[in-house]
Amino acid sequence: MNMNDQTFRVESPMAEFLRMERMPHIWCPGCGIGTVVNSFAEAVKKSNIDMDKLAVVSGIGCTGRVAGYVKLDSLHTTHGRAIPVATGLKLANPELKVVVVSGDGDLFGIGGNHFIHAARRNMDIVVICVNNFTYGMTGGQLTPTTPQTANASTTPYGNYEYPFSLPFLADACGATYVARWTSLHARNITKSIREAFNHKGFSFIEVIAPCTTLYQRRNRLGDGLDALNYYKEEAEVGQEIDTRDVGIDFQSEIRMGRFVKRDKPTYYEAVNERYANVLGDDYQLYGMSKPEREEKARREAEERIRMQALLEEEEARLLAEDIGTDEEGV
Amino acid sequence: MRKSAADPKGVLSGSHFLDGDHALAEGALAAGCRFFAGYPITPSTETAERFAERCPAVGGLFIQMEDEIASVAALIGAAWGGQKVMTVTSGPGFSLMMENIGLAVMTETPMVIANVQRAGPSTGLPTLPAQQDMMQVRWGSQGDYRVIALCPDSPQECFDLAVEAFNLSETYRVPTFIMTDETVGHMHEKVVIPPADQIGVVGRNWYQGPKADYRPYQFTGKDVAPMVKAGDGYRFHITGLTHDERGYPNLTVEQNEKVVTHLIEKIDSNADRIIRLDEDEIEGAEVVVISYGITSRIASRAVQLAREAGIKTGSLRLITIWPFAEKRIAELAGKIKGFVVPEINYGQMVREVERSAAGQCKVVGVGHCGGAVHDPEEILAAIQEAAK
Ligand SMILES: Cc1ncc(C[n+]2csc(CCOP(=O)(O)OP(=O)(O)O)c2C)c(N)n1
Ligand code: SF4
Ligand SMILES: [Mg+2]
């Protein structure tokens with residue numbers, strides 16, 4: 001960043017959202033993580049949500065560094081443990097919107113157990129996984145999402161393990177919002193994040209993104225642009241796709257879209273309901289009385305309906321203006 | 001740190017017949033703990049069960065996590081969400097907690113963790129007592145750091161020290177441990193819980209200045225920075241990486257020196273304020289028995305027998321295990337013939353006693369493989385040897 005640092009820091013459109021004093025970031029040229037951060041910032045801006053009430057929790061990895069750059073309450077934790085930290089944060093302070101941003105290795109290798117249980121509980125958090133099919137930070141090793149035959153530094157003869165299909169896993173575990181995009185589809189990512197902000201319950205968004213330095217290079221797949229070309233050729237959006245059918249093979253077709261959106265009480269609502277039923281007026285979670293809890297739930301439900309209407313209105317406008325969404329427009 | 005009266009809502013004032021595990025939960029509630037994340041393990045589960053039962057009416061939340069790794073992770077999140085937080089476990093779970101205990105140490109996150117010790121290694125003797133994790137609590141997570149650890153010898157002290165542990169943890173922003181054992185955990189005794197206004201509680205030290213000036217850290221080696229909670233607009237950042245006052249990564253040796261010496265010094269420089277000992281007939285003693293937890297109750301019988309046999313025997317019970325009472329022990333070492341250190345392990349705290357005594361007097365350890373308490377006769381024999 002040798003152009004006028006100071007000017008960049010103050011005038012960047014991201015200045016409101018990023019800790020500009022921490023720029024430049026550590027990510028390689030062409031890395032897909034930046035796109036996700038941009039889409040996230042865009043989603044925050046468009047959602048008009050109170051940034052003081054938004055917290056980001058990351059694990060460890062290249063993607064795990066996201067927490068360090070966003071100008072929000074942000075916790076950079078241990079490898080794989082972002083979800084239980086987010087769980088504690090959300091439950092201690094239910095007013096917060098808590099978003100986990102982390103890598104495929106972090107969330108599904110070492111942290112897999114936490115993911116499945118948070119989804120099972122329908123914990124009211126948003127989990128965004130940047131899936132680059134590799135352990136970027138440690139030098140391109142195998143992850144639970146690496147497609148078969150792909151080369152990783154610890155499978156130098158090609159991968160022989162069966163990978164996870166993340167939307168299928170999330171769906172099976174009880175996630176109530178599941179979507180997948182690639183880093184080419186920035187606008188769709190933004191929209192999904194907005195929907196997830198507005199969704200009550202465990203929301204999972206997978207973003208297929210290139211690790212240019214390791215995965216792309218090791219597999220002779222070219223640079224960041226080549227990755228985007230692959231997404232352009234092979235990524236296809238569909239309606240009502242069954243999550244059983246969205247597995248990804250090496251350089252295969254990528255099926256994307258919003259796969260799951262269902263209504264189910266969150267962990268917190270289930271706690272409230274159970275305790276209130278059994279204990280009646282004796283129950284006072286964090287000092288809140290029954291009428292206070294009910295009033296809060298009512299307010300939140302109203303807000304969700306308002307936001308969803310806004311989202312849909314905006315989508316209709318975009319279509320009318322024929323700007324289209326990414327997967328149609330690019 | 002200033003104390004104020006406990007919130008009466010959490011205080012079950014009165015005289016009760018409780019086991020140590022339940023008394024821990026009551027102590028936590030009295031101290032204002034309203035968030036508990038845990039994973040079942042014998043012989044600590046009763047604390048979690050008690051908290052789960054009591055918390056809804058007290059305005060708290062209990063969550064059973066998927067493992068002990070997640071339990072400590074959730075505590076870190078909940079602490080920065082504004083709550084006072086606790087978990088309990090025993091050996092196998094304690095081992096799993098180590099990684100995030102390190103994160104709590106590094107991010108200076110207050111929390112209380114009780115280890116109701118059972119005999120190891122590994123699954124060992126799940127239902128029987130030991131004191132084998134006394135060094136693990138001190139050194140178990142990677143890197144150089146300090147923690148505070150307390151050791152109750154009765155259900156009453158489980159209650160009292162739970163309150164104390166929260167107070168210390170808030171004062172020094174450090175994970176604070178209650179190192180009890182299966183016997184104390186499952187022993188039923190009278191526990192008197194005072195009225196709320198007689199329980200001194202250290203609240204979170206909330207930051208009060210202008211938002212832009214907030215720094216989550218100060219590396220003075222004495223005091224810790226005040227805290228904020230997520231959602232209040234401070235936009236704080238915490239990380240397990242070596243960081244500066246703003247909490248931002250600063251991966252240099254110079255910064256690491258500042259951080260690590262601070263983590264060590266904030267405890268060491270306040271050791272005199274933190275350490276609590278229970279001394280009996282130390283003046284003029286030839287032999288002093290140093291013990292802690294359940295073993296001190298066995299040792300007191302041996303001390304009595306030794307006194308009856310004409311050996312001037314003092315007793316020093318370590319209520320605070322870490323930081324270690326090295327100054328007091330060095331001082332006594334110059335005046336007596338020897339220390340006797342019984343413990344339900346094959347020599348953990350006795351090494352600290354040897355280090356502190358620095359050759360000035362004999363140090364006789366009385367080890368035990370775990371699974372039972374000592375026979376007072378073994379301790380008596382050691383006292384006789386030390387007195388020679
Ligand atoms: C307990 C533990 N084990 C291993 C590591 C080393 N490590 C750091 S980042 C990482 C992989 C991260 O991969 P991923 O989550 O996919 O993130 P990416 O770098 O690809 O964004 C590993 C294994 C660690 N920090 N902690
Ligand atoms: S190593 Fe890969 S994942 Fe990490 S910043 Fe570089 S391109 Fe991105
Ligand atoms: Mg990865």
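Proteins come first, then strands; the chains are lettered A, B, ... in the order of their sequence lines, and each starts at number 1. All heavy atoms count here, side chains included; hydrogens, waters and symmetry mates do not.
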field: Contacts of residues 96-111 of chain A with chain B (heavy atom under 4.5 Å)
entry: A:Leu96
- request: Check each atom of A:Arg120 against the heavy atoms of chain B and say whether the ones under 4.5 Å are side chain, backbone, both or neither.
  value: neither
message: Please classify the contact between A:Tyr275 and chain B as side chain, backbone, both or neither, with a heavy-atom cut-off of under 4.5 Å.
response: side chain
Heavy-atom side-chain proximity of A:Arg65 to B:Leu241 below 4.5 angstrom: yes
- line: Cut-off 4.5 Å, heavy atoms of chain A, and the answer for B:Leu75 is neither
- prompt: Do B:Glu66 and A:Arg121 sit within salt-bridge range, that is, some charged N less than 4.0 Å from a carboxylate O?
  reply: yes
query: Side chain, backbone, both or neither: which part of A:Met288 has an atom under 4.5 Å from a heavy atom of chain B?
result: neither
- request: Please list, in residue-number order, every residue in residues 243-254 of chain B that has a heavy atom less than 4.5 Å from any heavy atom of chain A; write 'none' if there are none.
  value: B:Arg246, B:Tyr248, B:Pro249, B:Leu251
field: Residue A:Thr87 versus chain B: region with a heavy atom under 4.5 Å
entry: side chain
query: Just wondering, are more than 12 heavy atoms of other shown residues or ligands nearer than 6.0 Å to NZ in A:Lys71?
result: yes
statement: Cut-off 4.5 Å, heavy atoms of chain B, and the answer for A:Ala67 is both
A:Asp52 side chain vs B:Asp232 backbone, donor-acceptor pair below 3.5 Å: no
